[in-house]
Amino acid sequence: MTTLTHRPDTLTRDALAVLQPGFHGTTAPDWLLRRIGEGLTSVGLFGRNIHTPAQLAALTAQLRAERDDILVAIDEEGGDVTRLEVREGSSFPGNYALGSVDDVELTRAVARELGSRLAACGVNLNWAPSADVNSDVNNPVIGVRSFGADPALVARHTAAYVEGLQSAGVAACTKHFPGHGDTAVDSHLALPRIDVGVDTLHARELAPFRSAITAGSKSVMSAHILLSALDPDRPATLSPRILTGLLREELGFGGLIVTDGIEMQAIASTYGIERGSVLAIAAGVDAICVGGGLADEGTVLRLRDALVDAVREGELPEERLADAAARVRALADWARRVRGASGPGAAVQEGTAPGAGTSAAGGPDIGLVAARRAVRVTGAVEPLQEAPYVASFAAVANIAVGDETPWGVAAELTALLPGTEAGTYGSGGAAEVLAAAGERRIVAVVRDLHRHSWMAAVLDGIREARPDTAVVEMGVNHAEPAGSPHIATYGAAPVCGRAAAEVLTGRSV
């Protein structure tokens with residue numbers, strides 16, 4: 001337990017309470033423990049903080065030794081975006097796969113199981129689900145993170161996900177309000193803009209958030225996007241019209257409002273993180289997420305001091321900061337009470353993968369069940385009898401997904417057909433792939449083929465020379481089916497690769 005030499009004043013404690021910072025390392029640094037003792041109420045975890053389930057459980061216990069109601073948050077969507085299994089790949093398919101199955105009970109069960117695994121490791125706030133309607137198929141940052149392009153489908157699965165996650169004692173954080181699906185720009189890199197009318201926004205973007213609120217979502221994450229019909233001047237994260245007027249007053253949301261990462265360029269390059277944080281709290285935000293990129297004590301102190309100074313200088317009402325801090329503490333208290341009612345979670349054994357074991361219902365792993373149900377096959381499948389050559393075509397991953405997490409079908413095919421060989425290719429020609437494959441049958445693995453003309457050109461060259469090439473699409477399934485057969489997995493998690501490998505071979509792993 002950290003010992004304080006002085007007690008921070010109420011204003012300073014409130015300023016710390018509204019921050020959700022990250023840090024480096026698999027144990028909590030001393031500076032973080034000191035700030036928890038001074039009022040910090042939330043901590044954000046990323047892949048860099050997680051090595052094994054037992055280590056993660058020890059880390060969260062270390063944090064709770066300082067504050068028993070600490071909110072421990074994580075960005076664990078399943079599918080392409082995983083922090084719990086960042087080095088292995090998720091045990092669950094993502095939203096797009098679940099939406100393609102369109103069984104809300106399955107979505108609820110997947111979210112419940114994911115929540116149970118988080119809770120067992122001491123995590124009690126998940127920055128998920130993504131409630132974005134992926135209406136722009138060229139969206140560079142949402143894609144398979146969305147349940148789909150139909151607002152009604154996205155709405156019902158968002159509600160089911162919230163209910164499943166929170167039934168496991170983990171607070172949901174529905175994102176990215178008021179909807180990041182109709183964008184062609186990644187807000188990690190710049191400020192996206194949506195120029196559609198209010199009627200369209202209400203019928204499309206807002207429908208899933210209404211469902212999430214009805215389902216009781218404990219928190220909502222704001223998007224760094226400009227919606228000209230709602231506020232032509234400020235992005236949603238900094239807009240009183242959108243956060244207070246629309247989300248609080250019109251939609252009636254009474255829970256915690258959290259920003260997307262405040263250091264993302266949509267905010268940082270225009271406003272700076274200090275002013276951006278002040279404007280966000282003034283607009284109605286309750287918690288500032290920071291730490292994906294800036295994960296040091298200096299960042300926490302800069303934001304704390306910026307908020308304190310803004311109150312003292314009359315730029316930020318003290319009551320607004322106090323209200324935000326009170327909402328953070330209320331959610332922390334809910335999480336503590338839920339955890340106390342259900343116990344600290346099942347013991348986690350060292351070396352056990354987070355995805356190991358069976359589903360909560362006692363049957364086969366629910367993630368694999370969902371991945372198998374999501375697969376769609378076009379064309380006849382002639383099962384592979386000999387080890388193939390797997391050619392994976394890799395575009396640059398967006399920042400939310402990252403480049404650490406493995407994907408594809410090569411490992412899964414190798415388990416079924418030892419001797420399988422594989423290579424990963426960029427924008428080179430088909431000749432390189434054909435030479436590497438030799439006489440082996442080719443399995444071409446793509447993601448978002450419709451978005452990458454170079455990928456389509458290489459694939460065309462391969463198929464012209466080798467018409468029996470099987471194609472596995474692991475992204476948004478928008479391009480015309482190509483291949484013999486064409487297999488769409490609706491996501492690139494290992495369970496999706498396993499489901500595809502089973503189809504290709506006619507065998508189970």
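Predicted, not measured: the structure shown is a model, and the values here were computed from it.
Ring planes of Phe177 and Phe209: perpendicular class, angle over 60° (limits at 30 and 60°).
Using a 4.0 Å cut-off between a side-chain N of Lys or Arg and a carboxylate O of Asp or Glu, Asp260 and Lys175 do not qualify as a salt bridge. Ion pairing of Arg372 with Glu502 is present here, as a side-chain N (NZ or NE/NH1/NH2) and a carboxylate O approach within less than 4.0 Å.
Here the closest heavy-atom approach between residue Leu256 and residue Ala287 is recorded as CD2-CB, 4.3 Å. Of all heavy-atom pairs between Arg320 and Leu316, the closest is CG-CD1, 4.1 Å.
In summary, of the residues considered (Val220, Ile242, Leu206), a side chain to side chain contact (heavy atoms under 4.5 Å, CB included) with Leu247 occurs for Val220 alone.
Under the rule for a side-chain contact (heavy atoms from CB on, under 4.5 Å), the partners of Ser42 that lie at least two apart in sequence or sit in another chain are Gln20, Leu71, Val328. The ring-ring contact (aromatic ring centres under 6.0 Å, His included) test applied to His224 returns no partner, not counting sequence neighbours. Under the rule for a side-chain contact (heavy atoms from CB on, under 4.5 Å), the partners of Asn477 that lie at least two apart in sequence or sit in another chain are Tyr96, Glu473, His486, Ala488, Tyr490. Take His478 and apply the ring-ring contact (aromatic ring centres under 6.0 Å, His included) test, not counting sequence neighbours, and it matches His450. Residues forming a side-chain hydrogen bond (donor to acceptor under 3.5 Å, both in side chains) with Thr12 (at least two apart in sequence, or on another chain): Asp9.
Listed by first then second residue, pairs satisfying side-chain hydrogen bond (donor to acceptor under 3.5 Å, both in side chains) with a partner in residues 243-253 read Arg248-Asp286, not counting sequence neighbours.
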